There are 2 protein chains.
Amino acid sequence: MNALHLTNQLCFPFYSISKEITKRYRPLLEPLHLTYPQYLVMLVLWEQDRIAMKEIGARLKLNSGTLTPLINKLIALGYIEKKRNPDDERHLVIQLTNKGLSLENEAQQIPEKLVEILGLTEEEYIRYQQMLAEFSMKLGLNDDATC
Amino acid sequence: MNALHLTNQLCFPFYSISKEITKRYRPLLEPLHLTYPQYLVMLVLWEQDRIAMKEIGARLKLNSGTLTPLINKLIALGYIEKKRNPDDERHLVIQLTNKGLSLENEAQQIPEKLVEILGLTEEEYIRYQQMLAEFSMKLGLNDDATC
DNA sequence: TATAATTAAATTGTACACAACTTAATTATA
DNA sequence: TATAATTAAGTTGTGTACAATTTAATTATA
């Protein structure tokens, strides 16, 4: 076996599948005026509002070089606001606006639409998800450094 | 179950695992002066030399906007050359230089080093690979449009 | 066979992604 | 308590990614 053969790589499928899914998200997110990384930030905030930018970065594994412009774009869209934490001025607290809050309703059908677009059954979805969670664990991606 | 919860997403693990593996490739590829996408182009050429840029794009699922600067970088590094196909001047034929050809030797230990860095056993590697190949198939990523 | 349609690269514009560095605020330590 | 170390954002520079458009070459069609 030639270990340098493209089909024998482990990373390449992750890389190309990731890009392909992101591409398939595009038409679903377009009505919300969001890109996929912007959508991820919104998911975090819908889960827990008023958290530090640092914490969003920790959950999404994004550093400030990526996150700062993302956050600024979401502010420009009117979905979030940022203000300094008075107890520690280094921390930016990110907060949903009413517009950002109500956007969650419009996003409700996105996950089911995506599964449909990917052509997966419920069992397949769960099986892949478990496999990925296991793999993420092995890579230490679930160790929440901020806890 | 909240389908909008980050941990219930299918795409997010693909996205973050992909980025994490790419990050772990970095120190392995640094001695070759290659980034991960540049390494992918080299893998394709070590498999089959003197192919059209279009064909490289088809295998890696990259369009010309991404591939053109990648190819130019590899030329600047002295690993490849490009020339027009005399039979069809629209096609760029990409060819390894001696330097690019001999680089394959230096790349030989990369796959095993990566598996070690990822902390996977042989069986795990194969199992994940199969699952990913299956998923890629479902997404139609293996349909080689150029055949 | 002149014109239209198609095709492969290149270009343009927007948006990540991250390493390395800078700045300002906070905390630790001599 | 002045100084050093640490921390969170922001900035800079390089390198993808991709949609949409342009350009040049080839092929199809009226």
Side-chain angles (χ1 to χ4, degrees), chain A residues 11-12 14-27 29-30 33-41 51-77 80 82-94 145-146, chain B residues 11-12 14-27 29-30 33-41 51-77 80 82-94 145-146:
Chain A
C11 183
F12 179 63
F14 275 115
Y15 165 81
S16 60
I17 290 171
S18 169
K19 287 194 305 164
E20 177 66 20
I21 302 182
T22 302
K23 223 176 283 184
R24 297 196 187 186
Y25 258 113
R26 210 183 311 275
L29 295 176
E30 205 154 65
H33 306 292
L34 293 175
T35 63
Y36 182 67
Q38 290 163 13
Y39 173 66
L40 288 178
V41 174
I51 56 176
M53 180 169 147
K54 186 76 186 170
E55 173 65 20
I56 298 174
R59 297 197 193 184
L60 299 179
K61 320 292 174 198
L62 295 174
N63 71 17
S64 67
T66 304
L67 209 46
T68 297
L70 266 181
I71 293 289
N72 289 338
K73 187 64 203 293
L74 291 173
I75 292 170
L77 285 167
I80 63 172
K82 68 178 174 186
K83 48 186 174 184
R84 296 280 165 186
N85 179 347
D87 295 337
D88 187 340
E89 295 275 346
R90 288 172 306 180
H91 285 87
L92 269 186
V93 180
I94 309 298
T146 61
Chain B
C11 183
F12 180 63
F14 275 115
Y15 165 81
S16 60
I17 291 171
S18 168
K19 286 194 303 163
E20 178 65 21
I21 302 181
T22 302
K23 223 175 283 183
R24 296 195 188 187
Y25 259 112
R26 211 183 310 274
L29 295 175
E30 206 153 65
H33 307 292
L34 293 175
T35 63
Y36 181 66
Q38 291 163 12
Y39 172 66
L40 289 179
V41 173
I51 56 176
M53 180 169 149
K54 185 76 186 173
E55 173 65 20
I56 298 175
R59 296 197 194 184
L60 299 179
K61 320 291 174 200
L62 295 174
N63 72 16
S64 67
T66 304
L67 210 45
T68 297
L70 267 181
I71 293 289
N72 289 339
K73 187 64 204 293
L74 291 173
I75 292 170
L77 285 167
I80 63 172
K82 68 177 174 187
K83 49 185 173 185
R84 296 279 165 185
N85 179 347
D87 295 337
D88 187 341
E89 295 274 348
R90 288 171 306 181
H91 285 87
L92 270 186
V93 180
I94 309 297
T146 61

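The figures that follow rest on heavy atoms only: side chains count, while hydrogens, waters and symmetry mates do not. Since this is a predicted model, take the numbers as computed values, not measurements. Just so we're on the same page: letters track the sequence lines, and every chain starts at 1.
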How many Å lie between [atom1] on [X] and [atom2] on [N], as a whole number?
{"X": "B/Lys23", "N": "C/dA20", "atom1": "NZ", "atom2": "P", "result": "12 Å"}
{"X": "A/Asn85", "N": "C/dT26", "atom1": "CG", "atom2": "P", "result": "9 Å"}
{"X": "A/Glu20", "N": "D/dA19", "atom1": "CD", "atom2": "P", "result": "10 Å"}
{"X": "B/Leu34", "N": "D/dG15", "atom1": "CG", "atom2": "P", "result": "12 Å"}
{"X": "B/Leu77", "N": "D/dT14", "atom1": "CG", "atom2": "P", "result": "15 Å"}
{"X": "B/Phe12", "N": "C/dC16", "atom1": "CZ", "atom2": "C1'", "result": "15 Å"}
{"X": "B/Leu29", "N": "D/dT16", "atom1": "CG", "atom2": "C1'", "result": "15 Å"}
{"X": "A/Asn72", "N": "C/dC16", "atom1": "CG", "atom2": "C1'", "result": "14 Å"}

Just call it for [X]: base, sugar-phosphate, or nothing, with non-hydrogen atoms closer than 4.0 Å on any strand.
{"X": "A/Asp88", "result": "sugar-phosphate"}
{"X": "A/Leu67", "result": "nothing"}
{"X": "B/Thr35", "result": "sugar-phosphate"}

Report yes if at least one side-chain N or O of [X] is closer than 4.0 Å to OP1 or OP2 of [N]; otherwise report no.
{"X": "A/Tyr15", "N": "D/dT16", "value": "no"}
{"X": "A/Lys54", "N": "D/dA9", "value": "no"}
{"X": "A/Lys82", "N": "D/dG10", "value": "yes"}

- [ ] Find out whether A/Thr68 and A/Met53 are in side-chain contact, i.e. whether some heavy atom of one side chain is under 4.5 Å from a heavy atom of the other.
- [x]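 A/Thr68 reaches A/Met53 side chain to side chain.
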- [ ] Measure the shortest side-chain to side-chain distance between B/Leu77 and B/Gln38 over non-hydrogen atoms and say whether it is less than 4.5 angstrom.
- [x]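 When only atoms from C-beta onward are counted, B/Gln38 and B/Leu77 do touch, with a gap below 4.5 Å.
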- [ ] May I ask which nucleotide in the shown strands pairs with C/dT1, Watson-Crick or G-U wobble, both distances under 3.5 Å?
- [x] D/dA30
TODO: Go ahead and name the base partner of D/dG13; Watson-Crick or wobble counts if both distances stay under 3.5 Å, otherwise write none.
DONE: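 Base partner found: C/dC18.
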Shortest side-chain distance from [X], nucleotide among [options]:
{"X": "B/Met53", "options": "D/dG10, C/dA10, C/dT26", "result": "C/dA10"}
{"X": "B/Arg84", "options": "C/dT26, C/dA9, D/dT26", "result": "C/dA9"}
{"X": "B/Lys73", "options": "C/dA15, D/dG15, D/dC18", "result": "D/dG15"}
{"X": "B/Thr68", "options": "D/dA17, C/dA17, C/dA10", "result": "C/dA10"}

Task: 5′-ward residue of the pair A/Pro69/A/Arg26 relative to DNA chain D - done: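 First, find each residue's nearest nucleotide; the 5'-ward one identifies A/Pro69.
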Open item on the list: With nearest nucleotide decided by heavy atoms, which residue, A/Gly65 or B/Asn63, maps closer to the 5′ end of DNA chain D?
Closed with: A/Gly65
Open item on the list: Checking the side chain of B/Asn63 only, and the main-chain atoms of B/Thr66 only, is there a donor and an acceptor separated by less than 3.5 Å?
Closed with: yes
Open item on the list: Minimum heavy-atom separation for B/Leu62 and B/Leu70, please, with both atom names.
Closed with: CD1-CD1, 4.0 Å
Open item on the list: Over 60° means perpendicular and under 30° means parallel, so tell me whether A/Tyr36 and B/Tyr15 are parallel, tilted or perpendicular.
Closed with: perpendicular
Task: Pairwise 5' ranking along DNA chain C for A/Gln38 and A/Arg90, keeping only the more 5' one - done: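 Nearest nucleotide further toward 5': that of A/Gln38.
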- [ ] Indicate, yes or no, whether a donor-acceptor pair under 3.5 Å links the base of D/dA8 to the side chain of A/Ser64.
- [x]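 Looking at the base of D/dA8, it does not pair with any donor or acceptor on the side chain of A/Ser64 (distance under 3.5 Å).
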Task: Rounded distance (nearest 0.5 Å) linking atom CD of A/Glu89 with atom CG of A/Leu92 - done: 10.0 Å
